[in-house]
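This report refers to the structure that appears directly beneath it.
In this text the structure is predicted, and so the values were computed from the model without any measurement. Just so it is clear, the values below take in all heavy atoms, side chains as well, and ignore hydrogens, waters and symmetry mates. Chain letters run A, B, ... following the sequence lines, proteins first, then strands; residues in each count from 1.
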Amino acid sequence: MRIILHVDLDYFYAQIEERDNPSLKGKPVVVCVYSDRGGGSGVVAAANYISRRYNVKAGMPVKTAEKLLKDFNPVFLPVRGEYYEKVSSEVMDIIRSYGDVFEQASIDEAYLDATRMLNGDFSQAPGHAVRLQADVYLKTGLTCSVGVSYNKLLAKIAAGYRKPNGVTIVAPGEAENFLKTLKISKIPGIGVKTTRILEDMGYRTVGELQAISVERLMDVFGRKTGLYIYNAARGVDDEPVKPRGPAAQHGRIKTLREDSRNPAYILSELETVIKELDQDLAFEALSFKTLTVVFVTVDLKTHSKSISFDRRFNSVSSLRKEILNLINSFLGENPYSIRRIGLRVSNLLKESGVRQLKLTLF
DNA sequence: GTATGCTTTCGGC
DNA sequence: TTACGGCCGAAAGCATAC
């Protein structure tokens, strides 16, 4: 039996701001991504627990959060992405030392396989998790929530069970009991859409979900997803904790100063995106074979158009003609104006040798 | 029918 | 009443080859 931990930093961006400025404690704190449109246009990236009491949530328009909090002395702050990345690396370096295998799942989440480190003795796992939590707090001043179980699925659900600053153990034999009263949306991968379908079928808890046959689930959701839901409802998961390699794609997207269907204007707004993406590629010594233009139309739907080449490029700046073609092709088949525009490169390869040495000297 | 590879969309954080 | 970012990986969808 494996010993798996899931570590989740609590309300990460907002907690960092609170840590760095203690006068924020006790107030609703909302960290926002503002676009270039002015007038406070943007969305909420993270909200502390006081904000959450007033129904403020990540993903919500900033304007909505302002209305919900107007009587409660809130603090709205712009995101400091690079700084949060740096804090994340410091925290991850601590977490890493508590497992044999470490997998960073996002900027504020990680999995550990600690089976060998604890000699396969599950009874040592709770103490291990508490020590990890205390160590992170002592060294960084940040709290996290930890889930401990014998697979990634249960460890992740467990981490979400007691927050913030919680530790939840789901020992072998306890999964059925732990799962049966949970709402089905607590299963990772079961989002709004799937929840709606299952609720319409009359299922609300994971316990109830266990009554559906695998055939029925595969019928409704397809082979792969259906089997996943069937197993997840039983706490069954054998995904290994595995270190993540470098990102498989790099992208930049921005909100246009005004909605538009003018290809020349859209391309001009892409200039900063091109510059930043090229800096990224140069810094990491990457080349790519596939270029994608990402469109978000005024109805907030995301679309994309891509082109693949049979040779590698190390910069997008020489591909403006291709970008323009993709924009025109999109406009030809879509009636909506464009609100946001971006670029993505994939099929990445690390440049090696002399070329890389030259680039990293900058 | 299966395997493979590419483009597009979905959804979590 | 509406309001709305910027990333990423995974899954879905589709075409092709055998």
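- In this structure, E271(A) pairs ionically with R320(A), as a charged nitrogen and a carboxylate oxygen lie closer than 4.0 Å.
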Where protein sits on nucleotides 2-9 of chain C, one letter per nucleotide: B base, S sugar-phosphate only, - none, heavy atoms under 4.0 Å: BBBBBSBB

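- Other residues sharing a hydrophobic cluster with Y11(A) under the 4.5 Å side-chain heavy-atom criterion for ILVMFWY residues are Y49(A).
- Sequence neighbours left out, the pairs with a member in residues 120-137 of chain A that pass salt bridge (charged side-chain N to carboxylate O under 4.0 Å, His left out) are D135(A)-K139(A).
- Comparing the C1' positions of dG12(B) and dG5(C) gives an interatomic distance of 14 Å, to the nearest angstrom.
- Judged by a 6.0 Å distance limit and a 45° cone about the ring axis, R312(A) is not positioned over the six-membered ring of F309(A).
- For DNA chain B, the residues of residues 95-114 of chain A within the heavy-atom distance limit of 4.0 Å (strictly under) are S106(A), D108(A), E109(A), sorted by number.
- For the pair K152(A) and Y111(A), the cation-pi criterion (under 6.0 Å, within 45° of the ring axis) is fulfilled.
- Salt-bridge check for D278(A) with R252(A): failed, with every basic side-chain N at 4.0 Å or more from each acidic carboxylate O.
- Within a 6.0 Å radius of CZ in R257(A), no more than 12 heavy atoms belonging to other residues, nucleotides or ligands are found.
- When heavy atoms are screened at a 4.0 angstrom cut-off, K156(A) is found touching the sugar-phosphate backbone but no base atom.
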Contact state string [nucleotides 2-8 of chain B, B base, S sugar-phosphate only, - no protein heavy atom under 4.0 Å]: ----SSS

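- Contacts classified as ring pair (Phe, Tyr, Trp, His ring centres under 6.0 Å) and involving residues 151-193 of chain A (residues at least two apart or in different chains) are given here: Y161(A)-F178(A).
- The pair E333(A)-K305(A) meets the salt-bridge criterion, since a charged nitrogen lies less than 4.0 angstrom from a carboxylate oxygen.
- Surrounding CZ of R116(A) are at most 12 heavy atoms belonging to other residues, nucleotides or ligands under 6.0 Å away.
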